[in-house]
Amino acid sequence: MPIRPYLFPVAILLLGLSFLLNLSLGSVWIPFGEILSGLVSGEWTKSSWEQIILNYRLPKALVAILAGIGLSLSGLQMQTFFRNPLAGPFVLGISSGAGLGVAILMLAGSAFGLALSGINSWAIATAGILGAGLVLSGVSLVAWRVKDSMTLLIVGLMFGSAVSAVVSVLSFFSGAEALKLYTVWSMGSLGALGWSQVGILGILIGLGSLPVFLSIKSYNALLLGENYARSMGIRTGQMRWLMILSTGILAGGITAFCGPIAFLGIAVPHLARMVWKSSDHRVLFPGSALIGAVLLLLCDAVGQLPGLASTLPINAVTSLVGAPIVIGLILRKNFSKDF
Amino acid sequence: MKNPFSKLHVRSFSAPYLFFSGLILLLFSCEKKTETTLEKTPVPLEFAEGFELFKGKNFWEIHVTQGYTGAEKTYRYLVLEEGTDLDKTGFDAVVQLPISKVVLTSTTHIPHLDMLGETDQLIGFPQTDLISSTATRARIDAGKVTDLGSGPSANPEMVIDIQPDWIMISTLGEDLRYLDLFAQAGIPALINGEYVEQNPLGRAEWIKFTGILLGKYEEAVAEFEQIKTAYLEAEQLASRIPADNRPNVLSGVMYQDIWYAPGAESWGAQILQNAGGDYVFSDQSGSGSLQLNYEFVLDRAAEAAVWIGSADFPDVQTMGNNEPRYQNFQAWKNGQIYTYTAKKGATGGLEYFELGYVRPDLILKDLIKILHPELLPEYKLYFYQKLN
């Protein structure tokens, strides 16, 4: 299979371009030269421009890159591990778990005497991480008991459904204000984070990516089936733990900070396979990470509706981009060839 | 009326067709007959556009034309005075006075009862904790008001169980789906669409709607006249402020990175303009809530002098710590932030959302006091509070 290594510099160049494009597009028109000179010299013609670029667009663009990388990496791991083209970062119920944590904070918080004003992005992220961790440990318990990966997948999906049901009950009984807060969270947002949170998210993405690089070869072996991998000396049990840990940290952390971001994690690995025409994970992992970052930067730039006062929620944009990709893939004949 | 089935007749004259189309025609003619037109004269309203009043001999007819946003159906209600009996067919609800027990579903209806001296009529309300009115709270504490459940709308079984003389519903609570159920149970269910109204006085004028349903129209008119006079006087006072002396006013709150603020045609924005303020989003049309991007808001309102109606924060510092990007606004730096969420009833309900609809004059005076304190030196803020 051709590996097309020359595409990596192209992808990195694209990443840089989309980063700049993302920085320069927004509701407020700021001349591109002004952005560059401001970033280089630190002098701005308008102080509001400085605020917008340094404290809003720049962290938002970095979050887009981090979240794009994290979601794509966890999506690819899930697809290969479960050998299921429709698996994504959230199949183990991780986003539902994070959603439950946030829902308890926002919707039931008032019942425990917590004012809505106490809900800031730190509290939301903490609640999200706790919720994702809770579901993750539940899934891990099951993973410990059952050895079959298909069972694990089904259990993960069921966990997700059960947790969503609890969220529905909470929403039904909560007030309009809290409900709105939760709905807004569930539509995803890249621009809600300050610099300190971006730092934490960066550390989480770094931590969550480590297990991926440790087991790239094992993923390649896994493509030929779990039994074959085992016969090649791959410790699939250990690998499963690494995968659960990695996607838990990646998807859980991103969902906690940005809300559930739909479709990206499913669609990007397929795109990477198409672009590099390869199923070698040494190519696919960095490829997916690059495409994920570029795609999320572009989706965010589109969602900003440049020139208009309003913004589209990031989830709407990623779904609009992601759904056609997945449909297109399903219509392709050799769809399941890679699995 | 044009017969829509004429084509069928041409094509086939078979007996079943004739029979069914005849039946349908019969139904149509019945429908027509039910449009009872009782002799009545319209009673004009001054500001409200969502309902119409008609007075006849010993009865009132109310047409609610905007029961909810985008309503196409006009709801026709008949209110019969004591001892009157008329043809009741064709009305969506018929209220027979006198009445002694009612169910309300929105806190904004509670002040109507208080102002008309009919607080004792209330026998049921969903989530009674939301009510702030002291008179009504006393009644709740005495156990005379049934809590109709904690969901967004009243529990229909409980409503039917306590058999009110009527129930006033607001579709914000999604009670609309129970209209048929209430009709079958013989409980008149009346839609109050005051929230659709964007003129501040139009919204307040809905007290006349409640007044008629309680048999207290005259009292309702008297109350409304007072509110109207107070509002127009205050508006007059603020209208003399020259354009260059109108401070820029920021409004709204940010969730994630989206700023939610009232649209330019909305009730809140209108009162703000009437109070001599220059609303920073006055070119962003809409009668509901606007969703604006943070950078747009910062670019537009970084220098705004006053920030009104912010979220539930105990003080300016907490607000800034909670959302550091609030700190970029001049109004935050100068501590010029006013909130209506500070004034709460005994059980945590917000008085602004309860009394504000029917007392726009108080909101207007509050805002004038904030923006131009010299105009109302004696006045004390009622709903609003400055964040410390």
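Residue numbers begin at 1 in each chain, while the letters A, B, ... track the order of the sequences. All values reported here derive from a predicted model rather than from experimental measurement.
More than 12 heavy atoms of other residues, nucleotides or ligands lie within 6.0 Å of CG in B:Asp315, so this atom counts as buried by the packing criterion.
The CZ atom of B:Arg300 sits 11.0 Å away from atom OG of A:Ser27, with the distance rounded to the nearest 0.5 Å.
The heavy-atom pair separating B:Leu298 from A:Gln51 by the smallest distance is CD2-CB, 3.4 Å. Here the shortest heavy-atom pairing between B:Asp257 and A:Ser189 reads OD1-OG, 3.0 Å. Considering every non-hydrogen atom in both A:Tyr56 and B:Asn293, the closest pair reads OH-ND2, 3.7 Å.
Using a distance-only test at 3.5 Å, with no hydrogens or angles considered, a donor-acceptor pair links the side chain of B:Glu295 to the main chain of A:Val28.
Two residues are said to be in side-chain contact when any heavy atoms from C-beta on lie closer than 4.5 Å; B:Tyr294 and A:Thr311 fail this criterion. Inter-residue side-chain proximity for A:Trp49 and B:Asp299 is flagged as met; some heavy-atom pair is nearer than 4.5 Å.
With sequence neighbours excluded, no residue satisfies salt bridge (Lys or Arg N to Asp or Glu O under 4.0 Å) with B:Lys386.
At a 4.5 Å heavy-atom cutoff, the contact between A:Trp185 and chain B is made by backbone and side-chain atoms alike. Of the atoms belonging to B:Leu292, heavy atoms from both backbone and side chain fall under 4.5 Å from chain A. Using a 4.5 Å cut-off between heavy atoms, A:Leu193 contacts chain B through its backbone alone, with no side-chain atom that close. Of the atoms belonging to B:Phe281, not a single heavy atom falls under 4.5 Å from chain A.
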